[in-house]
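Here's the structure, in structure tokens; my notes come after.
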Amino acid sequence: MSVRVRVAPSPTGDPHVGTAYMSLFNLAFARQQGGEFLLRVEDTDRARFRADSEQQVYDMLRWLGLDWDEGPDKGGPRGPYRQSERLETYRPHVEQLIADGHAYLCWCSGARLAEMREDQQKRKLPTGYDRRCVGLDRAARAALPGFSDPPVVRMFVPDDPPLRFHDLVRGEVSAPRPDDQVLLKADGFPTYHLAVVVDDHLMGITHVVRGEEWISSTPKHLLLFDWLGWDRPAFAHMPLLRNIDKSKISKRKNPAARLTWFVEQGYLPEALLNFLGLLGYSLPGEQEIFTFEQMSQSFDWARVNTVGPVFDLDKLAWLNGHYMRELSEPDFAGRTLPFLQGAGLVGDPASPVELAALAAVVPLVQTRVAVLSEVPALVRFLFTPEESFQVESGAVEKALTPANAPVLAAAAEALDGLQDWTGVSVQARIDAALLEGGLGLKRGKAYLPLRAAVCGASISPPLPESMALLGRERTLCRLRAGAALAADRETAERGPGVG
RNA sequence: GUCCCCAUCGUCCAGCGGCCCAGGACUCCACCCUUUCAAGGUGGCUACGCGGGUUCGAAUCCCGUUGGGGGCACCA
């Protein structure tokens, strides 16, 4: 029998990083086994449902390269793959469970249930449904308080349900005894527990790979598989991704819980994927940089960790930097473009001039950023027209001091007649004028004001090369403007309040 | 509270009874390189939670304890 696995996100908001994590492991295993990976949308919670969420899940998973073989958008032999479209599929199985005495109707209202739980807690009794409705028909129950009309269907858990099962990553596991879980809600929608079991069986799922949070409800699923006379799938409960404080990763505490965040920040999908693979998993030989194919080929459940890993952005940043440095220059430029457009530095669509400038500056910044969103700040100097060019205030304070005005002027003068406008020549001229033999400055000291004037910041790509890209006229313009600004500050410092 | 899961450097991993007075990576620190910032190179700090067993021998097995996490919904 061929391996079939699935990922089952519920469209309740921004796609969650956990969905990508589960998809990665499911897919890695499926590909290794030559099996299928399906995407099933679990939209049975109409209160939390969000219409745009499903498409976002598709987009994010595809962005990561985690494509599926069957799903709502591409169909397949075992569809539909959206649970809201399978309501009629669940019904007969519920009928059967009721007929077999494994499930029963329950008319208890939400208020009564809440009251019951409160009472149980106060009296330190075990929690769980008290079976108020067992053996009662509608009329009999309606005579009692806490009645609510469309009833739900609950499973009738026996005294000795199966609590132990084999887990691919944890070995023999035991879980708590379930209470009489609701299977069918009053609105006619199934709960997760009914839907997973029915769908996993009908869709031929052989391995249920999901988060550790599901361990405690697995006995409910075991019971259902058994009652319905179906083979149990194999289970693999993955560790949960954690926040810094070790709690289950959440959108509230961690921006990285939302997949869109990585796109916005300019992480590379290959880096994120590699990083996700590193969490809770290791390749033989301590190899840390690996592709999906490498992970998939050597995939082994025994190498999956049981410990919930903290989602460490530092390491992701390093990995991302690594992958960015591996990119060819045109590739890097292409990935950078949307960020420059977003920052308003480049038009949409980009002009040939802008694209040429981008191609030229890329070698200067590729090793200097951890994420793509950092690129605009570094190349702003090149894409800003002289009319709107401004030096950052911090750089003005630090570098455009009155004492540096002559340095800027000298640099402008030295470069004025230079014909061979290349980084090498520019540097030679500047050095001759400002270092030993000229003004006698150290290079670091000499370049500080020039950098501020030309690049507008105290951190920039290498200076002579930046000037070379900017061109002579623009460079001279900025040097002179910088010199004037620096000199002006002298006046300003001497003159406040004077005149 | 209760049930369940888990436990090696700050973080992510290696280790699956002797090769480990514990190895790699990230972070951090120092140095080198250097026009800033990076990148790159070299070196360094830091861990088997604790207590009992088992064994000739334990990070590795068992028990307890402590700590962390998760579940206990007409949410998934």
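What you see below is based on every heavy atom in this structure, not just the backbone, and it leaves out hydrogens, waters and symmetry mates. Lettering follows sequence order; numbering is per chain, from 1.
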In the structure shown, which nucleotide is the Watson-Crick or G-U wobble counterpart of [N], with both distances under 3.5 Å?
N     : result
B:C72 : B:G1
B:C50 : B:G64
B:C12 : B:G24
B:G43 : B:C29

Given atom OH of A:Tyr447 and atom C1' of B:C37, what is their separation to the nearest angstrom?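 Taking OH of A:Tyr447 and C1' of B:C37, I get 16 Å after rounding.
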Is the distance between the ring centroids of [X] and [Y] less than 6.0 Å?
X        : Y        : answer
A:Phe165 : A:His221 : no
A:Phe25  : A:Tyr21  : yes
A:Tyr323 : A:Tyr267 : no

For [X], what residues pass the side chain to side chain contact (heavy atoms under 4.5 Å, CB included) criterion, not counting sequence neighbours?
X        : result
A:Asp180 : A:Tyr104, A:Tyr129, A:Arg131, A:Arg154, A:Phe156, A:Val157
A:Arg258 : A:Asp14, A:Lys251, A:Thr260, A:Trp261, A:Glu264
A:Ala405 : A:Ala486, A:Ala487

On the nucleotide [N], are OP1 or OP2 found under 4.0 Å from the side-chain N or O atoms that [X] carries?
X        : N     : result
A:Lys220 : B:C72 : no
A:Arg50  : B:A76 : no
A:Arg443 : B:U35 : yes
A:Lys315 : B:C13 : no
A:Arg154 : B:C74 : yes

Determine, for nucleotides 41-46 of chain B in 5'-to-3' order, which nucleotides have protein heavy atoms under 4.0 Å from the base (write B), from only the sugar-phosphate (write S), or from neither (write -). ------
Which residues, if any, of residues 281-291 of chain A bring a heavy atom under 4.0 Å of RNA chain B? A:Ser282, A:Glu286, A:Glu288
Atom pairs, protein N/O to nucleotides 5-9 of chain B N/O, distance under 3.5 Å:
{"residue": "B:C5", "atom": "OP1", "partner": "A:Ser174", "partner atom": "N", "Å": "3.4"}
{"residue": "B:C5", "atom": "O2'", "partner": "A:Arg170", "partner atom": "NH1", "Å": "2.6"}
{"residue": "B:C5", "atom": "O2'", "partner": "A:Glu212", "partner atom": "OE2", "Å": "3.1"}
{"residue": "B:C6", "atom": "O3'", "partner": "A:Thr306", "partner atom": "OG1", "Å": "3.1"}

Between CG of A:Leu479 and OG1 of A:Thr475, what distance do you get to the nearest 0.5 Å? 6.5 Å
Identify the residue among [options] that makes a side-chain contact (heavy atoms from CB on, under 4.5 Å) with [X].
X        : options                              : answer
A:Gln83  : A:Val41, A:Leu194, A:Val198, A:Thr44 : A:Thr44
A:Arg478 : A:Val391, A:Leu470, A:Leu408         : A:Leu470
A:Phe332 : A:Gln366, A:Glu326, A:Arg325         : A:Gln366

For A:Arg170 and A:Phe235, run side chain to side chain contact (heavy atoms under 4.5 Å, CB included): C-alpha distance rounded to whole Å, both residues' side-chain angles, the deciding distance at 0.1 Å, then the answer. CA-CA 10 Å; A:Arg170 289 153 210 275; A:Phe235 292 95; over 6 Å; no
From B:G68, B:A14, B:C74, nucleotide with atom closest to A:Arg242 side chain: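 For the A:Arg242 side chain, the nearest candidate turns out to be B:G68.
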So which nucleotide from B:A38, B:U36, B:A76 ends up closest to the side chain of A:Lys185?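 The listed nucleotide nearest to A:Lys185's side chain is B:A76.
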Below 3.5 Å, does any donor atom in the side chain of A:Ser10 face an acceptor in the base of B:A76, or the other way round? no
Distance check, P atoms only: B:C33 and B:C20, in whole angstrom units. 36 Å
